[in-house]
Amino acid sequence: MNDTRNQKESLDTSEYIQIMERLLYVVQELSAARDLDTVMDIVRHSVRDLTGSDGATFVLRENDFCYYAEEDAISPLWKGNRFPLETCISGWVMLNRKPAIIEDIYVDSRIPIDAYKKTFVKSLATVPIKTNDPIGAIGCYWSERHIATPEQIKVLQVLADTAAIAMENIHYQNVIATKAKQLEEAIDGTLLTIAKMVEQKDLYTAGHQKRVAMLGLAISKEMGWPQERCESVFRAGVVHDIGKIGIPGELLSKPTKLTTLEFSLIKTHSEAGYTILKDVPLLLPTAQIILQHHERFNGSGYPYGLKNDETLPEAQILAVADVFESMISHRPYRPALGMDAAIEELVMNKGILYHPDIVEIIVHLVKNKGYTIPE
Ligand SMILES: [Fe+2]
């Protein structure tokens with residue numbers, strides 16, 4: 001009751017609403033923070049702004065020590081130092097799990113007064129970050145004698161509680177990002193190994209998958225796709241012919257024209273690739289792209305004769321990149337056709353076999369950006 005009465009006495013309604021609005025904004029800012037520096041920066045500025053204090057501290061705990069992680073009031077003196085929790089007021093706040101409100105630091109036994117003599121500080125207020133298991137403390141300083149009001153302490157505690165949640169979120173985001181990266185690297189490593197297994201069998205496609213993947217990546221970047229989507233094109237490109245592992249090697253490197261029967265066997269490789277990868281949930285999108293990489297714009301491709309709008313854009317990219325790369329590479333049944341002939345083929349069948357936008361991007365990459373297929 002007293003707190004409420006004091007609050008009403010010290011703040012009028014419009015001031016109170018202004019502080020609440022500002023506090024709400026800060027809470028939203030903290031929720032969106034993605035790193036500790038941002039959290040500290042927001043807290044440090046908003047503490048001063050919302051309490052009207054002359055300085056603010058952001059102290060973090062490290063086992064039995066604490067340190068001034070972010071400090072604009074007295075940083076040159078203390079920054080980088082580690083203090084035992086028992087020797088400083090932030091440590092006291094953390095050990096006792098409650099705020100400290102000190103009107104005159106020179107008469108309070110909890111203050112290591114020698115450390116403060118060189119500072120402007122006369123009064124301070126500090127609250128723990130995460131009260132039930134403190135991980136730090138947030139404080140504010142005044143250069144004139146001042147006793148922190150209940151609402152100033154409440155504001156400090158709201159900021160500390162929100163900072164605690166923000167820091168926890170950042171921690172878990174970092175853990176998740178690290179795990180996701182490790183998983184992605186493991187998947188990419190596995191796919192590369194599988195790609196090499198296929199290429200051991202079919203020397204003529206050695207490097208073909210990687211080159212198609214790189215061209216697919218360049219095309220998808222040119223389309224302005226987000227990084228993650230571009231990477232999915234690259235990933236599928238690296239293993240797009242994985243299904244050839246089930247086809248006899250003699251057939252894959254046959255120097256003469258394939259019979260209809262032999263070609264129908266080769267054509268099973270896109271479905272076979274899908275079958276190999278589809279049961280790994282993380283690889284299902286890759287499997288679906290592989291399944292469609294021989295479909296054509298007008299529906300004349302295989303295995304299902306799907307038309308452009310029935311296929312994945314990622315598969316459409318790889319379809320054109322695959323044809324283009326194959327034409328400028330040597331094959332057992334023909335020499336390399338060369339860049340000009342490859343471009344001519346794409347342009348001739350633009351909007352028929354190949355998606356016109358993708359053809360245009362390849363032409364643009366080659367003619368205007370000097371793109372060459374890597375060795
Ligand atoms: Fe293929």
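Counting starts at 1 for both ligands and their atoms, following the listed order. For clarity, every value in this text was computed on a predicted model and none was experimentally measured.
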Practice task
Report yes or no: does Asp241 have an N/O/S atom closer than 2.8 Å to the Fe ion (ligand 1)?
Solution key: yes
Exercise for the section: Tell me whether His240 has at least one N, O or S atom under 2.8 Å from the Fe ion (ligand 1). Expected result: no
Practice task
Check the surroundings of atom OH in Tyr25: do more than 12 heavy atoms from other residues, nucleotides or ligands lie under 6.0 Å from it?
Solution key: no
Problem - Whether over 12 other heavy atoms sit under 6.0 Å from Gln182 CD - result: yes
Fill in the blank from the handout: His293 NE2 to His269 NE2 via the Fe ion (ligand 1), rounded to 10°, gives 100°
Practice task
Identify the residue among Ile17, Val27, Asp49 that makes a side-chain contact (heavy atoms from CB on, under 4.5 Å) with Arg22.
Solution key: Asp49
Practice task
Give a yes or no answer on whether the side chain of Glu103 reaches the backbone of His146 with a donor-acceptor pair at less than 3.5 Å.
Solution key: no
Completion exercise
Answer key: the N, O or S atom of His294 nearest to the Fe ion (ligand 1) is NE2
